[in-house]
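Below is one structure, written out as structure tokens; comments come after it.
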Amino acid sequence: MPVKVYNTMTGKKEDFTPDAPARVKMYVCGPTVYDLSHIGHARSAVAFDVIQRYLRYSGYEVDFTKNYTDIDDKIINRANKDGVDWKEISERYIKAYDEDMASLGVEVPGRRPRATETIGKIIELIGTLIGKGSAYVMDGDVYYSVRKFSGYGKLSGRNIEELESGARVEVDERKADPLDFALWKKSKPNEPSWESPWGGGRPGWHIECSAMCIALLGETIDIHGGGKDLVFPHHENEIAQSEAATGKPFVRYWLHNGFVNIESEKMSKSIGNILLIRDALKGHTPESVRLFLLSSHYRSPIDYTKDSLKEAEAKAERFYRTLRRMEEEWPDILNKTTDPARLKERLKPVRAAMDDDFNTAGAIGMIFEEVAKANRMMDEAEKGKPGDAFKEKLPAVKAVFKEAGKFLGVFAKTPEEYFDELKSRARLPKEEVERLMEEREEARRKKDFKKADAIRSDLLKQGITLEDTPLGTKWSA
RNA sequence: GGCGGCGUACCCAAGUGGCAAGGGAGCAGUCUGCAAAACUGCCAUCCAGCGGUUCGAAUCCGCUCGCCGCCUCCA
């Protein structure tokens, strides 16, 4: 069964087959590094992380590239505002981005090119475009001639006439046509500048992605991804530049992720409702943030509300509590290895969901069906003698969890790791909690339930929940 | 105005032709000293509305209503 992917270019789900068998060339537009990353960056990164992981899981070798846009007007503005060198800004926020992504379990892409490391290729590409008559020089700037490219608008479903009539007031009068966009921007004094045949300047935003893509992955790549907002004009322009330069199809499958809204509103600096990844992680486990992002299909908009991360966290806890129960109550049975054929069979519903345009929400639903089944089986087994079927099935469930964890990047921790994460944010030190629990245990032994309950409710006020189990009392924050 | 998307229970959310996954919340029960957790049962005869196609539609087509995104930097 081939993986099906929704291709923005055709507006349809298509069977995915890479150009070269078993090898996928994949490029995702990375961040412009001028500020801390927000939950929207996290969504894009997590979505393509899962896509990349799942393709590899499905047997493809994935050449995964994600760039950093480390030179741009916004970076220069930020540097001026902070009174530091632009390089310091880009370095600072590349580091911050990497940290945020690591905390969300996003795997490091195989290649992470920076625009400023690709200047040579960019200049070369612009030169080619000028040579072919697709671009023109105007007083130190270079512009791309949109009208020369007959396919312009094919990705975003626009045509030149519509764009023309809808064009906003054009500030830059030097352009021959309002639709044209900058490939190379002449630098002003005291601005970062690279030498080029057209004088000192810096690359425009769109050209860097074309250059990095072509330089690192080749003239035709399999998958190009990014946020929905990049469809127009960024990706449309990338197609125009790349195809005009190479004469070959640029991208075979275009994938775009949906937005994260905050309380039904678009995140924006002007509304002031930006949710930084760091802030989201303050009150919640990274696992629950990732689970929240994967609980909707990657192309749908998701709405962040004050309860959504709590719900995701409840979900994560349900999973790890079940896994902990399995491991603690049935350690011997769980050690059994599961027959690969059997595992494949059990994994089918999860894979069917993933094969259908990376339907992580559906796959997670299937995982929770397994969770419910596992609990039911264990309840049953506790009542009588665990049968042979149980001894086969329980390890199989765990094996399914393990496999799904590989491509979802959630459900992959040990319960201890997960609950330690939770405990680490408790308001009381671990030792204090354990002392109080011991005190309560003593009271319970003496049947002084009044005292025992008082300790429990005091701890609850501190955000600590106690749970008495046959294997002793457990706590979580 | 142009282009695109969405509308599934109290909330979140899968499902795109064959009798509505999953999670959260809620209610009742089993278990427990009591809780918690877990389990069981209940919780959409119905998928914005109205028509149409079909043996059969939440799923296809048309219209209506509502919401949102892109068209300017943006994940």
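Numbers restart at 1 for each chain; the letters A, B, ... are given by sequence-line order, proteins then strands. Below, all heavy atoms of this structure are taken into account, side chains as well, without hydrogens, waters or symmetry copies.
A:Y6 has its ring centre no less than 6.0 Å from the ring centre of A:H256. Aromatic pair A:H235/A:H206: ring centres not closer than 6.0 Å. Ring centroid separation for the pair A:F390 and A:W330 comes in under the 6.0 Å cut-off.
In the set B:G22, B:A75, B:G15, the nucleotide with an atom closest to the side chain of A:D229 is B:A75.
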Just the table, please: protein N/O against nucleotides 3-13 of chain B N/O, every pair under 3.5 Å.
from: B:C3; atom 1: O2'; to: A:S156; atom 2: O; distance (Å): 3.4

Distances under 3.5 Å between nitrogen or oxygen atoms of protein and nucleotides 38-40 of chain B:
from: B:A38; atom 1: O3'; to: A:N375; atom 2: ND2; distance (Å): 3.2
from: B:A38; atom 1: O2'; to: A:R325; atom 2: NH1; distance (Å): 2.9
from: B:C39; atom 1: OP1; to: A:N375; atom 2: ND2; distance (Å): 3.1
from: B:C39; atom 1: O4'; to: A:D379; atom 2: OD2; distance (Å): 2.6
from: B:U40; atom 1: OP1; to: A:R376; atom 2: NE; distance (Å): 2.1
from: B:U40; atom 1: OP1; to: A:R376; atom 2: NH2; distance (Å): 3.4

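Among residues two or more places apart in sequence or in another chain, the ring-ring contact (aromatic ring centres under 6.0 Å, His included) test is passed with A:F401 by A:F319.
Remark: P of B:C71 and NE2 of A:H235 are 13 Å apart, rounded to the nearest angstrom.
Comparing A:K447 and A:N261 by the nucleotide of RNA chain B whose heavy atom lies nearest to each, the residue mapping closer to the 5' end is A:K447. Between A:R43 and A:E467, the one whose closest nucleotide on RNA chain B sits nearer the 5' end is A:E467.
As rounded to the nearest Å, B:U64 and B:C10 have P atoms that lie 28 Å from one another. With C1' as the reference atom, B:C6 and B:C12 are 16 Å apart, rounded to whole Å. Taking atom C1' in both B:U8 and B:C55, the straight-line distance is 25 Å, to the nearest Å. Separation of the C1' atoms belonging to B:A44 and B:A9 is 5 Å when rounded to the nearest angstrom.
A:D379 and A:R376 are not joined by a salt bridge, as no carboxylate oxygen comes within less than 4.0 angstrom of a charged side-chain nitrogen.
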